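Computed from a predicted model, the values in this text were never measured in an experiment. Below, chains carry the letters A, B, ... as their sequence lines are ordered, and counting in each starts from 1.
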Amino acid sequence: MTTAIVWFRNDLRLHDNPSLRAALSEHDTVVPVYLWTPAEEQPWAPGAASRWWLHHSLEQLGAELERRGGKLHIRHGQSAAALLVDLCAETGASAVYAQRCYEPMLAKQEQSAAAKLNGVGARLQLAEGQTLLPLRASTKADGSPFRVFTPFWRNFMKEYIPSPPLPAPIRITMPQRVSTNYIADLGLLPRIAWDGGLRETWQPGASSALRALDRFATERIERYGKVRDLPAVVGTSRLSPHLRFGEISPRQIAWRLWQGLQAKDISAGAHETYFRQLVWREFAFSVLHHFPQTTDRPFNSRFNDFPWPMDRDDWFTSWRRGRTGFPIVDAGMRELWHTGWMHNRVRMIVASFLTKHCGISWLAGARWFWDTLVDADLANNSMGWQWSAGCGVDAAPYFRIFNPLRQGERFDPKGEYIRRWVPELRDAPIQAIHDPQRGRSKGLFDATYPEPILDLDERRQHALAVYRETRHHPAPRHV
DNA sequence: TGTTTGTTCTA
DNA sequence: AGAACAAAC
C-alpha cells in the first residue's frame, strides 16, 4: 500500500494533468495538496487580483476533487520543501508528483523541495506541462537560447507535434484523515470589497475554462484575425487567466484548435494567427528560463543606466487611475481596474505611453500590472513590458512610439470601447472622442474628464532623444 | 504589432 | 485636396 502527494502548483486542473495521472497509476492512494508559500515567491508573489482568482480557482479544484471522492488539502507556510516533508511524515507518502514550473522562484522552490525530500527518503517526480514543448528542447543548434521570435517560431513549428490531452481521472482514492487548512484562511480575498467587477466578469475554474475554449474555438476563431485588435469586440479567447493558473493546459488549447482545423471548422490562417500567440507565450517562458534576471533588469544591458525619471509620481498616479486625459489609455487602465484584465492591443498602448511618453520605468508598469491583472504571468508580463520599453528580446525599435490618439482612431474607430470605460465621454461626438481637447470648449461632454497630462509631441521628441542616447551605451552582454 | 513628414501622383 | 508611398526617427 503506497501513498503519493499530488502537489498542485500552476496546474489547477484534473484534465490533462500528467502528475496527477502518474501518481494515481503508480500508487494506491494520493493526497492532493496546494501549498501557499508567498514568501518563497518574492519579489513576485501573486498580486491582489491573482490572489482573488487563486481563491476561487482552489475552491473549484476542491469541488472537482470531491466529486471524485478526493479532497484538496491546503497548507500555508514559509517553504514548500518543509511543508512537503511534514506531509510525507504525516501520510507515509514516498513520493511527491508535481508539474515543473519555469518561473525562477518556483524552479528554485522545486530544487530545494527535491533535496529536502531526498533527505527523508522521498522523491520529487516532476512532469512537463506548463509549456507545449519542454524548454530544454527549444534552443538553437549551438545550444544557445533564441533571442528573436521568428527563428523561435520556425524551430517550434518544426519540433511540435500536436498530441491529445490526458483524460481526467474518474476516481481519486485517498488515505484516511489528513489534516488541512481552509482556503478561506489563506486570506487571498480582498479585505475591502473591490472585487465586484471581477466577479461580474469572470468565472474561475477548469470547467469554465473548458467552456470558454469551446466557445472561442467554435464561435470566434474564424474572425480572430480580423477583430483581435479591436478592444470593443469580444474577439480574443479570454483564456489568459485560466492558462495562467493552469486551469487549462496549452496542450488542451492547441489540441482543440488542431481538431477544428482537421474538421475544416476553421481556416488555416485563423488557426495560425491564434497559434502564434500561444507560441509567443512559449517564447516568453523560454526567455524567462534562460534569462531569469529579466524580471527585474533590462535584457539589453544598454538600458542598465537608462535615465528613467524618479520624480514623475503625478504622471504615474494619473496613469494608474486612468486619468491621463488620453481616452484610449484611460479606457484601458479603467478596464484593468474594474475587470482585472485589459485587451492586449490596449496593453501595448498604455505600456508605450508609460515608458515612452511619460518616460517611467517599465518595471513600475510591470509591478502595477502584476498587482491588478488576474492573468498576471511572470514570463508574459516581463517580456511584454521590456518589449514595449524597447529593452527586451526582439524588442520594439526605440523609435516605435504609439500615438494614443492615432491608435484610438485605428482600433476603436467608433469610440465604443472608450464610451464603455470612460463615462465622462459617453456623450462626446465622434470627432472629439479620441481627442477631447477638440470638443472641450464647446461643452459637448462631462468637463470633469481630465486635461491631457502631457504634450504628446514634446514628449515624443524627448523620448526619441533619450532613447537615441542609449545607442552609445556599452554594448549589450547576455550572461 | 509605429508615427511623422515630405514627395509624387491623381482629381 | 487627398491618397499613396518612401524615408527617417
Side-chain angles (χ1 to χ4, degrees), chain A residues 146-154 156 223-233 235-237 240 269-284 287 299-300 302-303 306-307 324 326-329 331-332 342-359 362 365-366 369 375 377 379-413 417 431 434-435 437 452 454-473:
Chain A
F146 287 99
R147 288 165 196 182
V148 180
F149 177 72
T150 305
F152 181 91
W153 160 258
R154 278 198 217 105
F156 182 92
R223 300 209 310 147
Y224 177 76
K226 291 246 184 299
V227 300
R228 72 195 193 99
D229 269 321
L230 307 178
V233 177
T236 61
S237 71
S240 55
H271 175 277
E272 178 166 320
T273 308
Y274 182 77
F275 200 74
R276 269 179 92 88
Q277 299 306 307
L278 273 188
V279 179
W280 264 103
R281 176 180 176 277
E282 298 278 311
F283 184 48
V287 170
F299 172 82
N300 181 341
R302 284 188 202 274
F303 286 82
F306 191 88
T324 65
F326 295 96
I328 192 80
V329 174
M342 194 194 302
H343 188 281
N344 191 54
R345 164 57 53 179
V346 189
R347 292 189 199 196
M348 293 192 281
I349 299 171
V350 302
S352 171
F353 182 79
L354 186 76
T355 54
K356 307 249 165 119
H357 287 104
C358 299
W362 61 273
F369 270 28
D375 65 18
D377 173 286
N380 288 321
N381 198 46
S382 308
M383 166 169 283
W385 275 97
Q386 292 218 33
W387 181 90
S388 292
C391 58
V393 290
D394 206 4
Y398 75 93
F399 48 77
R400 185 180 290 165
I401 300 173
F402 289 57
N403 179 330
L405 308 182
R406 283 274 302 129
Q407 290 281 315
E409 288 163 5
R410 278 242 292 276
F411 298 110
D412 188 29
Y417 179 70
Q431 297 86 344
H434 297 293
D435 187 3
Q437 289 309 91
L454 48 77
D455 181 298
L456 278 185
D457 198 49
E458 176 209 322
R459 293 303 302 175
R460 177 169 184 272
Q461 293 306 326
H462 179 264
L464 285 170
V466 178
Y467 270 81
R468 210 164 22 234
E469 267 303 296
T470 62
R471 293 190 299 178
H472 307 305
H473 292 190

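- In this structure, R410(A) reaches the sugar-phosphate backbone alone: every heavy-atom distance under 4.0 Å involves primed, P, OP1 or OP2 atoms, never a base.
- Put simply, chain A comes within 4.0 Å of DNA chain B, heavy atom to any atom, from dT1(B) to dT4(B), going 5' to 3'.
- No side-chain N or O of Y398(A) forms a donor-acceptor pair with one of T470(A) less than 3.5 Å apart.
- Rounded to the nearest 0.5 Å, atoms OG (S352(A)) and CZ (R460(A)) are 10.0 Å apart.
- At a threshold of 4.5 Å between non-hydrogen side-chain atoms, the residues F152(A) and D394(A) do not count as touching.
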Could you pull out the protein-nucleic contacts involving nucleotides 2-9 of chain C (nitrogen or oxygen on both sides, under 3.5 Å)?
unit_1 : atom_1 : unit_2  : atom_2 : d
dC9(C) : O3'    : R468(A) : NH1    : 2.7

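- Between F306(A) and N300(A) the shortest side-chain heavy-atom distance does not fall below 4.5 Å.
- By the 4.5 Å heavy-atom criterion applied to side chains, Y467(A) and F399(A) are not counted as neighbours.
- Proximity of S237(A) to Y274(A): side-chain heavy atoms (C-beta onward) are separated by under 4.5 Å at one or more points.
- Looking only at side-chain heavy atoms (C-beta outward), D377(A) and S240(A) stay at 4.5 Å or farther from each other.
- Geometrically, K356(A) does not engage F402(A) in a cation-pi contact defined by less than 6.0 Å to the ring centre and at most 45° from the axis.
- Taken to the nearest 0.5 Å, the CZ atom of R406(A) stands 12.5 Å off from the CD1 atom of I328(A).
- Pairing analysis of DNA chain B (Watson-Crick: purine N1 to pyrimidine N3 plus N6-O4 or O6-N4; G-U wobble: N1-O2 and O6-N3; both under 3.5 Å) yields stems of 3 or more pairs at B:2-10 with C:1-9.
- Ring pair F156(A)/W153(A): centre-to-centre distance not below 6.0 Å.
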